[in-house]
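From a predicted model like this one, the values you see are computed outputs, not experimental measurements.
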Amino acid sequence: MFVRNNNSKISKNGDKINIVWGKLVDNMENRENIAVGLDIGTTKIVAMIGKKNEYGKLEILGLGKAKSLGVARGVVNNITQTIQSIQQAVLEAEENSGYKINDVVVGIAGQHIRSIQHTDYISRSNPEEVISGKDIQLLIDQVNKLAMLPGEEIIHVLPQEFKIDGQSEIKEPIGMYGGRLEASFHVVVGQAASIRNVGRCIQSSGIELSGLTLEPLASADAVLSQEEKEAGVALIDIGGGTTDLAIFKDGIIRHTAVIPFGGNVITEDIKEGCSIIEKQAELLKVKFGSAWPGENKDNEIVSIPGLRGREPKEISLKNLSKIIHARVVEIIEQVFTEIKVYGHEDPRKKLIAGIVLTGGGAQLQHIKQLVEYITGMDTRIGYPNEHLAGNSSEDISSPLFATAVGLVMNSVANNTQSAYKLEVSQAIPQPRPIVKPVIEEVQEVVQQQEEPIENKVEKEVETTEGKIRKSFFDKYVDKIKDFLDNAE
């Protein structure tokens, strides 16, 4: 949410820059089709700005990262800290790109996410008319009215296969005749409070929420090919707080799950097992960690500086990899249990393309070999570079940014205009005001912040309340917006 001021001036350190309101409106109306994705993770928050180039590839215009301080296992547990991290990531992306962000597509994850399979049907009043998108939407709306457990809400309703008057295995019913339209759905469900907390953080950061996407689905868009989805593949996204699973077969999403463990529990085990601080444990994991203990010799030792003049601590790399191995085995076994729940052992449901690993945890040495050993399935590391323009940096092509790239792709598919290019006279990084949440406790914290970090910049921020292009999940996003705006 922004504050509109008819005098329309932005001031920084006393130097006022005049901007004509009408000119700004015109500028926003004529802006390029720019997409923005926001990945709110347990260890990092990433804001990514991009657009499609003339070859249909994704060109990344700006990237902003911030340490995630208010999120645990994919769930917001500190509103104020999360708002500050989001603002930091957004501001960095704006500075790098020269674009001003209006709205974002946000990834949803966390241990509260679950999925169910559901079959529903409608009887058409006039079978002599061909089936249209309205009929399918009517069926989806009907599924959206399903009764969930207390506190839960439906996030995604994903049609899988259709059946018309008993004829099954129909993937595209539009244009066909029939009286009874039936479909099987993959329904993703999450805790309403957790989702609304994310929405509140976005709105209080001074930007709008244009769409929600389940993070494993976003990662799948970024790293999986259509051939893999047809053959059958399991995507495992190992993040900091959670490990996300998405299974595809015959080009259709079949199963999703979120395991409440990720790279952070490995770091915690190293910290406890080696009696070192968390920062050192994370550095050890990234630089010397291996998921396969047999790769390290007994005499390979790394020295860790002691705290405040204490003697350095020597740590055996073999012991380090044993600690990592034990926790990674636990994570992979839980994921493999979910793959079995889907029915991988049924010949008709076999995942011929095997497993694709992505996320920050996929960068751990020898994790591919360990996953193949535990599951017996072919495994590869998933990089999002297939969809990126050729001039993209190696950093962006890392599995670490697979979810963020997928969210930008989702935003592009929705034809959003999520950012506009600043003119030279406007191109001064303006700190975003923290918009006061309606929640009283957060309001008190925000009121106490008199902008010490921002050098007490006097801000009068302007924007237009333009229409955001409606995405597939509009109704759900609108419900969140209504809740946030009307909350008391």
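Using a 3.5 Å distance cut-off with no hydrogens or angles, the side chains of Lys368 and Thr379 do not pair a donor with an acceptor. With hydrogens and angles left out, the side-chain atoms of Glu300 and Ser316 include no donor and acceptor closer than 3.5 Å. Using modelled atom types and a 3.5 Å distance limit, the side chains of Gln160 and Gln117 yield a donor-acceptor pair. Using a 3.5 Å distance cut-off with no hydrogens or angles, the side chains of Ser184 and Glu161 do not pair a donor with an acceptor. Looking at Asp103 and Ser418, their side chains do bring a donor and an acceptor atom within 3.5 Å of each other.
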Query - Criterion side chain to side chain donor-acceptor pair (under 3.5 Å) on Asn264 and Glu268, from CA distance to verdict - result: CA-CA 6 Å; Asn264 282 4; Glu268 191 66 25; over 6 Å; no
Report task. Would you please test Lys51 and Val412 for side chain to side chain contact (heavy atoms under 4.5 Å, CB included) and show each step? Result -> CA-CA 7 Å; Lys51 67 175 182 178; Val412 167; 6.0 Å; no
Report task. Take Lys285 and Thr267 through the side chain to side chain donor-acceptor pair (under 3.5 Å) test and state the conclusion after the steps. Result -> CA-CA 7 Å; Lys285 180 184 76 174; Thr267 303; 3.0 Å; yes
Report task. Mind running side chain to side chain donor-acceptor pair (under 3.5 Å) on Ser115 and Thr256 for me, showing each step along the way? Result -> CA-CA 6 Å; Ser115 63; Thr256 54; 3.3 Å; yes
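Asp221 has a carboxylate O that lies under 4.0 Å from a charged side-chain N of Lys229, or vice versa, which qualifies the two as a salt bridge. In summary, Lys271 and Glu282 do not engage in a salt bridge, as defined by a charged side-chain N under 4.0 Å from a carboxylate O. The existence of a salt bridge linking Lys57 and Glu386 is excluded, since no basic side-chain nitrogen approaches an acidic carboxylate oxygen closer than 4.0 Å.
Using a 4.5 Å heavy-atom cutoff, the side chains of Leu61 and Ile34 are in contact.
Among residue pairs with one or both ends in residues 104-128, those qualifying as salt bridge (Lys or Arg N to Asp or Glu O under 4.0 Å) are Arg114-Glu152, Arg124-Asp135; sequence neighbours excluded. Identified under the ring-ring contact (aromatic ring centres under 6.0 Å, His included) test for residues 333-379, with sequence neighbours left out: Trp292-Tyr373. Within the structure, the salt bridge (Lys or Arg N to Asp or Glu O under 4.0 Å) test picks out the following pairs touching residues 174-186 (sequence neighbours left out): Arg180-Glu182. For residues 127-149, no residue pair satisfies the ring-ring contact (aromatic ring centres under 6.0 Å, His included) rule, not counting sequence neighbours. Judged as a side chain to side chain donor-acceptor pair (under 3.5 Å), the pairs with a partner in residues 346-357 (not counting sequence neighbours) are, in order, Asp346-Arg348.
Contacts of Tyr177 classified as ring pair (Phe, Tyr, Trp, His ring centres under 6.0 Å), with partners at least two apart in sequence or in another chain: none.
Closest heavy-atom contact between Ala404 and Met48: CB-CE, 3.8 Å.
Paired with Asp237 under the rule side chain to side chain donor-acceptor pair (under 3.5 Å), one option of Thr242, Thr403, Thr358 passes, and it is Thr403.
Within the model, atoms CD1 of Ile108 and CG of Asp244 stand 11.5 Å from one another, a figure rounded to the nearest 0.5 Å. Between the CD1 atom in Ile238 and the CD1 atom in Ile331 there is a gap of 6.5 Å [rounded to 0.5 Å].
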